[in-house]
Amino acid sequence: MHRLKASGLSSRHVSLPKWVNPKDKITQWNIVRGDKVAIIAGKDKDTIGEIKSVNRQTNTVIVEGKKLAKKHIPMQPGAPEGIMRKEMPIHYSNVMLLHPDTQVPTRIERRQVEKTLDDGRIVKRWARFVHGTDVEIPKPAIKYDDRSGEEKFSTSPEDALKVTFTNVSADAPPVPEDLLRELRNPYKRRA
């Protein structure tokens with residue numbers, strides 16, 4: 001609270017994160033961004049959604065398109081009537097992971113899995129399993145960006161090289177020597 005006042009902000013404009021007692025914080029999270037989960041309590045009970053973000057400080061997750069609240073904003077083309085729908089956080093205990101085969105909400109357990117590589121090394125990792133079975137729940141692939149391959153590399157490397165490096169030789173430094181001498185600290189000790 002005091003940090004907000006010191007920076008000249010009011011707590012009415014910037015909401016503070018909900019405080020969670022350290023003994024109540026979840027230490028081992030089994031739900032990650034991109035998981036398919038079932039909501040088991042609250043307004044959207046018995047619905048399925050994808051985890052959009054995870055907040056480990058407040059033990060909450062945001063599920064895409066679930067627990068929507070109305071937020072009043074200035075009129076703009078995206079919200080012509082001045083009301084925007086926003087996803088609100090859901091407590092970690094109110095969501096359950098889905099069974100990978102049956103898509104039914106299930107309890108899970110964590111186990112350490114050993115894998116032997118081709119060169120003989122043994123790699124250990126923690127994995128999520130359906131409780132009481134040997135069915136592993138895979139972690140979702142990380143989504144970096146939604147651009148296709150053509151959009152990522154719209155400019156060819158040759159065109160970029162032509163435009164970026166014009167009249168530059170590899171043997172001369174990029175900045176003139178006399179300018180470097182002028183910018184150097186004269187009080188620095190030389191070894």
Side-chain angles (χ1 to χ4, degrees), residues 14-73 75-154:
V14 179
S15 60
L16 295 172
K18 184 181 155 221
W19 186 79
V20 176
N21 197 338
K23 71 179 178 90
D24 295 332
K25 281 192 182 176
I26 297 163
T27 54
Q28 295 180 340
W29 278 74
N30 296 318
I31 296 176
V32 294
R33 187 175 74 225
D35 275 332
K36 296 277 187 202
V37 293
I39 299 172
I40 58 171
K43 184 168 94 170
D44 292 312
K45 186 177 177 179
D46 298 330
T47 59
I48 293 173
E50 186 176 327
I51 297 288
K52 190 173 174 183
S53 69
V54 173
N55 186 347
R56 289 182 168 84
Q57 301 301 316
T58 58
N59 294 343
T60 57
V61 295
I62 292 181
V63 181
E64 201 167 348
K66 304 296 177 192
K67 197 176 175 187
L68 295 171
K70 291 180 180 177
K71 180 171 175 61
H72 293 269
I73 57 172
M75 298 274 195
Q76 52 187 312
E81 56 278 340
I83 298 174
M84 184 180 80
R85 311 275 293 175
K86 180 182 174 187
E87 292 129 346
M88 299 303 290
I90 301 172
H91 194 267
Y92 177 88
S93 64
N94 294 336
V95 295
M96 283 181 92
L97 279 173
L98 298 176
H99 191 289
D101 302 329
T102 61
Q103 299 299 310
V104 175
T106 59
R107 293 172 59 203
I108 60 171
E109 61 185 33
R110 292 162 47 97
R111 287 188 227 146
Q112 205 169 27
V113 178
E114 289 185 358
K115 181 181 176 185
T116 307
L117 299 176
D118 296 334
D119 58 356
R121 289 183 296 156
I122 297 173
V123 178
K124 293 181 181 179
R125 67 177 177 84
W126 286 95
R128 309 176 297 178
F129 287 89
V130 175
H131 185 72
T133 65
D134 286 334
V135 178
E136 185 176 348
I137 302 173
K139 289 200 174 177
I142 298 172
K143 297 178 188 172
Y144 287 107
D145 56 4
D146 296 325
R147 295 183 297 173
S148 67
E150 297 169 2
E151 292 173 358
K152 281 183 190 174
F153 307 107
S154 57

At what distance, to the nearest 0.5 angstrom, does [atom1] of [X] lie from [atom2] of [Y]?
X	Y	atom1	atom2	value
Ile48	Met96	CD1	CE	12.0 Å
Thr116	Arg121	OG1	CZ	11.0 Å
Glu136	Ile108	CD	CD1	11.5 Å
Lys45	Ile40	NZ	CD1	8.5 Å
Ile31	Ile51	CD1	CD1	5.5 Å
His131	Arg110	NE2	CZ	15.0 Å

Just by distance, do the side chain of [X] and the backbone of [Y] share a donor-acceptor pair under 3.5 Å?
X	Y	result
Asn59	Ile26	yes
Arg125	Glu114	no
Lys43	Lys66	no
Thr102	His99	no

What's the shortest heavy-atom distance between [X] and [Y], and which atoms?
X	Y	answer
Pro100	Val130	CD-CG2, 4.0 Å
Pro138	Asp35	O-OD1, 4.5 Å
Met88	Ala69	CG-CB, 3.6 Å
Leu98	Pro105	CD2-N, 3.8 Å
Pro140	Gly34	CG-C, 3.6 Å

Quiz item: Are Asn55 and Thr58 close enough that a side-chain donor and a side-chain acceptor fall under 3.5 Å?
Solution: yes
Quiz prompt | Exercise: do Lys18 and Gln57 side chains pair donor with acceptor under 3.5 Å | solution =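 There is no such pair (donor and acceptor under 3.5 Å, judged by atom type) between the side chains of Lys18 and Gln57.
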More than 12 non-hydrogen atoms from neighbouring residues, nucleotides or ligands closer than 6.0 Å to [atom1] on [X], yes or no?
X	atom1	result
Lys25	NZ	yes
Asp119	CG	yes
Arg107	CZ	no

Quiz item: After noting the C-alpha distance and the side-chain angles of Asn94 and Lys67, does the key distance pass the side chain to side chain contact (heavy atoms under 4.5 Å, CB included) rule?
Solution: CA-CA 12 Å; Asn94 294 336; Lys67 197 176 175 187; over 6 Å; no
Self-check item: Verdict with reasoning, Lys71 to Ile73, per side chain to side chain contact (heavy atoms under 4.5 Å, CB included)
Solution: CA-CA 6 Å; Lys71 180 171 175 61; Ile73 57 172; 4.2 Å; yes
Quiz item: Are Asn30 and Trp126 close enough, and set up right, to give a side chain to side chain contact (heavy atoms under 4.5 Å, CB included), and what steps lead you there?
Solution: CA-CA 10 Å; Asn30 296 318; Trp126 286 95; over 6 Å; no
